[in-house]
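Report on the structure given below.
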Amino acid sequence: MSFPRKTHWTKDVTPELDGKEVVLAGWVWDIRDLGNIKFILLRDREGIIQLTIKKGVTPESVLSLTQSLGREDAIVVRGGIVKASKIARAGGVEVFPSEVYVVSKSKALPIDIWGGSVETDLDTRLKYRSVDLKRPINSLIFRVESEVVRAIREALYNRGFIEVFTPKIIVTSTEGGAELFAVQYFERVAYLAQSPQLYKEELTASLERVFEIAPPAYRAEKHNTNYHLNEFISVDIEEAFANYVDVMDILEDVIINVYDRVNKVFSNELAKYGVEIKVPKKPFRRVTYDEALDILGRRGGLKINWGDDVPKNGLEILSEEFGEPFFIIHFPTDLRAFYTKPPLDSDPKISESFDLVMGGLEIASGSSRIHVKEQLIEALRKRGA
RNA sequence: GCCCCGGUGGUAUAGCCCGGUCUAGUAUGGCGGCCUGUCGAGCCGCAGACCCGGGUUCAAAUCCCGGCCGGGGGGCCA
């Protein structure tokens with residue numbers, strides 16, 4: 001079957017186009033049939049618009065065709081735009097179809113995607129994931145994710161970084177810590193990369209500033225929380241001729257650009273779900289590890305031994321204290337990866353390192369790297385490598 | 001792996017403690033009908049379910065045992 005090419009997203013059909021003709025395409029979200037007048041809500045990726053079918057106005061062929069339409073049928077519609085003050089939905093615009101093409105009929109859906117009184121269990125939703133993704137909130141999540149990644153790239157390209165892609169099937173651990181997934185690599189065993197870290201460091205020796213949005217990184221840990229995954233998208237950057245303070249500065253730009261872009265593009269849609277974006281301001285607060293422990297001990301009633309990592313509830317207390325995103329800097333050297341550079345102020349127990357914390361979560365970490373070969377070898381020896 | 005909780009139409013649930021009144025209730029979705037301005041549309045009608053196996057009992061959705069599946073907590077981990 002042939003049908004005309006889609007000319008507009010539903011969100012682009014605005015009252016200014018009153019009297020114009022458009023071709024829309026999408027899925028039947030809902031039908032309200034009042035007999036001689038019928039309203040079809042058409043959904044595409046960008047939103048929902050109302051099609052109005054009216055006896056005496058709509059052509060007979062369209063009238064009879066729309067009799068048999070059902071929810072989630074895929075259709076293409078040619079029609080005229082009419083500015084309508086009475087309708088609350090779809091920006092006060094309705095479309096009177098002159099032609100309707102049914103691309104594909106839908107069966108009854110196995111789950112509720114309309115967000116009424118029935119909330120489907122996650123497990124059932126995942127079973128019918130392609131249907132579940134029709135829910136507007138899910139489509140929004142994917143579109144925001146895409147914008148976030150675009151904003152990260154934008155900020156980093158502006159800072160002179162280039163994007164690289166490192167191997168994901170590797171022979172051994174690149175960073176230590178988390179367990180690796182083993183995979184059969186022909187006649188031998190290989191592992192899925194947990195981090196692009198060491199590749200990144202090698203790349204700076206020629207390309208200076210690189211980043212990778214790893215698709216994805218793998219950690220073989222049997223954790224079962226909503227903030228730990230076995231497979232996740234990581235953003236890694238590495239810069240030559242720079243230290244941890246320079247990197248925090250870049251990170252601030254990246255974070256602010258992400259919030260700013262998402263706010264500009266999605267503030268209206270997010271408001272429907274009660275989400276309001278606050279764009280953080282530079283510079284982010286920087287507290288030292290020692291200060292953080294002190295604050296937690298005095299105001300949070302949380303005692304942490306020097307040398308231990310700040311636990312999750314500690315980060316939550318500090319987030320409450322500071323509100324905005326903040327850095328914890330100068331972690332104990334032994335707490336960080338072997339390539340992290342000590343000493344700070346000639347104290348080898350303290351490193352040039354930072355964590356970025358937002359909303360009680362550690363969302364990024366970084367450090368100056370050791371650039372003297374002998375020190376690197378020494379650091380590896382200390383860890384028993 | 002450990003502790004706790006649960007599995008009833010497509011979906012989400014009530015009923016289970018205290019077995020019979022369950023011919024299993026409700027909402028939503030589906031199907032059919034009515035309505036020329038709906039927007040969580042409304043109204044009328046129809047179809048649709050007790051996870052599997054065993055046991056107790058005159059009688060099991062309901063009680064007991066086993067299995068399978070799912071949820072929550074905590075542990076490890078970023």
Side-chain angles (χ1 to χ4, degrees), chain A residues 28-43 47-58 63 66-73 82 84-96 105-128 131-132 134-136 173-181 194-195 197 214 216-236 272 309-315 328 331 335-337 353-358 360-366:
Chain A
V28 175
W29 177 248
D30 197 9
I31 300 170
R32 280 189 273 277
D33 187 349
L34 279 67
N36 285 321
I37 188 165
K38 187 200 305 245
F39 305 101
I40 296 170
L41 299 181
L42 176 70
R43 182 192 85 253
I48 293 172
I49 195 165
Q50 175 166 293
L51 311 175
T52 304
I53 313 289
K54 209 169 184 175
K55 197 166 190 181
V57 178
T58 304
L63 225 45
T66 53
Q67 275 317 315
S68 60
L69 275 186
R71 282 177 160 183
E72 287 311 306
D73 288 349
V82 174
S85 56
K86 275 196 285 188
I87 58 173
R89 217 146 172 175
V93 178
E94 58 188 333
V95 171
F96 281 77
K105 293 289 291 178
S106 171
K107 291 199 293 185
L109 264 42
I111 57 172
D112 189 319
I113 62 168
W114 299 278
S117 55
V118 178
E119 201 60 43
T120 308
D121 294 341
L122 179 63
D123 192 53
T124 312
R125 285 173 42 198
L126 293 176
K127 183 176 173 185
Y128 302 105
V131 176
D132 184 52
K134 290 169 175 285
R135 303 190 324 147
S173 172
T174 49
E175 204 180 346
E179 292 293 314
L180 299 172
F181 280 111
Q194 57 164 199
S195 159
Q197 184 58 38
Y218 302 92
R219 305 272 164 100
E221 301 287 347
K222 288 183 179 175
H223 35 56
N224 185 217
T225 73
N226 55 9
Y227 55 96
H228 287 136
L229 297 168
N230 295 302
E231 171 181 329
F232 63 97
I233 309 294
S234 75
V235 177
D236 266 272
K272 290 178 197 162
D309 211 345
V310 182
K312 183 162 164 29
N313 62 332
L315 298 179
I328 301 175
F331 281 86
L335 219 45
R336 309 299 284 215
S353 56
F354 66 85
D355 277 5
L356 176 65
V357 181
M358 295 185 78
L361 283 177
E362 174 202 325
I363 68 161
S365 63

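Below, each value reflects all heavy atoms present in this structure, side chains not excepted, and no hydrogens, waters or symmetry copies. Per chain, numbering begins at 1; letters A, B, ... match sequence-line order.
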Round to the nearest Å and state the distance from [X] atom [atom1] to [N] atom [atom2].
X        : N     : atom1 : atom2 : value
A:Arg135 : B:G29 : CZ    : C1'   : 15 Å
A:Leu335 : B:C77 : CG    : P     : 12 Å
A:Ile111 : B:G30 : CD1   : C1'   : 15 Å

Between [N] and [M], how far apart are the two [atom1] atoms, rounded to whole Å?
N     : M     : atom1 : value
B:G70 : B:C51 : C1'   : 11 Å
B:C17 : B:G75 : P     : 37 Å
B:G66 : B:A24 : C1'   : 27 Å
B:C31 : B:A41 : P     : 15 Å
B:C22 : B:G15 : C1'   : 9 Å
B:U62 : B:C18 : C1'   : 10 Å
B:G53 : B:G7  : C1'   : 16 Å

Return yes if some donor-acceptor pair links the side-chain N/O of [X] with the main-chain N/O of [Y] below 3.5 Å, else return no.
X        : Y        : answer
A:Arg336 : A:Phe354 : yes
A:Lys54  : A:Phe96  : no
A:Trp29  : A:Trp114 : no
A:Ser353 : A:Phe331 : yes
A:Asp33  : A:Gly35  : yes

(message) Should the side chain of A:Glu72 and the base of B:G29 be counted as holding a donor-acceptor pair, with the cut-off at 3.5 Å?
(response) no
(message) So for A:Lys107 and B:G30, does any side-chain atom that can act as donor or acceptor lie under 3.5 Å from a complementary atom in the base?
(response) no
(request) Find which nucleotide of RNA chain B each of A:Lys54 and A:Asp123 is nearest to by heavy atoms, and output the residue with the more 5' nucleotide. (result)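 It is A:Lys54, whose closest nucleotide lies nearer the 5' terminus.
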When you compare the protein's N or O atoms with those of nucleotides 31-35 of chain B, which come within less than 3.5 Å of each other, and at what distance?
from	atom 1	to	atom 2	distance (Å)
B:C35	N3	A:Asp33	O	3.2
B:C35	N4	A:Asp33	O	2.5

(request) Flag the pair A:Arg43 / A:Asp30 as yes when at least one side-chain heavy-atom distance between them is below 4.5 Å, and no otherwise. (result) no
(request) Among B:G10, B:A78, B:A12, find the nucleotide with the atom closest to the side chain of A:Pro110. (result)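 Nearest to the side-chain atoms of A:Pro110, counting from C-beta on, is B:G10.
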(request) Measure from the side chain of A:Glu94, starting at C-beta and using heavy atoms only, and say which of B:U28, B:G37, B:G30 lies closest. (result)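 Ranking B:U28, B:G37, B:G30 by closest atom to the A:Glu94 side chain puts B:G37 first.
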What does the list of N/O pairs under 3.5 Å between the protein and nucleotides 13-16 of chain B look like, with a distance for each?
none

(message) Could you measure the distance from the CG atom of A:Asn36 to the OG1 atom of A:Thr58? Nearest 0.5 Å is fine.
(response)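 One gets 11.0 Å once the value is rounded to the nearest 0.5 Å.
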(message) Taking 4.0 Å as the cut-off, does a side-chain nitrogen or oxygen of A:Arg32 come that near to OP1 or OP2 on B:A41?
(response) yes
Looking only at heavy atoms, what is the nearest atom pair of [X] and [Y], with distance?
X        : Y        : answer
A:Asp355 : A:Ser365 : OD1-CB, 3.0 Å
A:Lys38  : A:Thr66  : NZ-O, 3.3 Å
A:Leu109 : A:Val131 : CG-CG1, 3.7 Å

(request) Flag yes if more than 12 heavy atoms outside A:Lys55 fall under 6.0 Å of its NZ atom; otherwise flag no. (result) no
(request) Go ahead and write out RNA chain B as dot-bracket, 5' to 3': ( ) for pairs within the strand, [ ] for ones crossing earlier pairs, | when the partner sits on another strand, dots for unpaired; Watson-Crick or G-U wobble, both distances under 3.5 Å. (result) .((((((..((((......[....)))).(((((.......)))))....(((((..]....))))))))))).....
(message) Categorize A:Thr124 for me: base, sugar-phosphate, or nothing, with a 4.0 angstrom heavy-atom threshold over every strand shown.
(response) sugar-phosphate
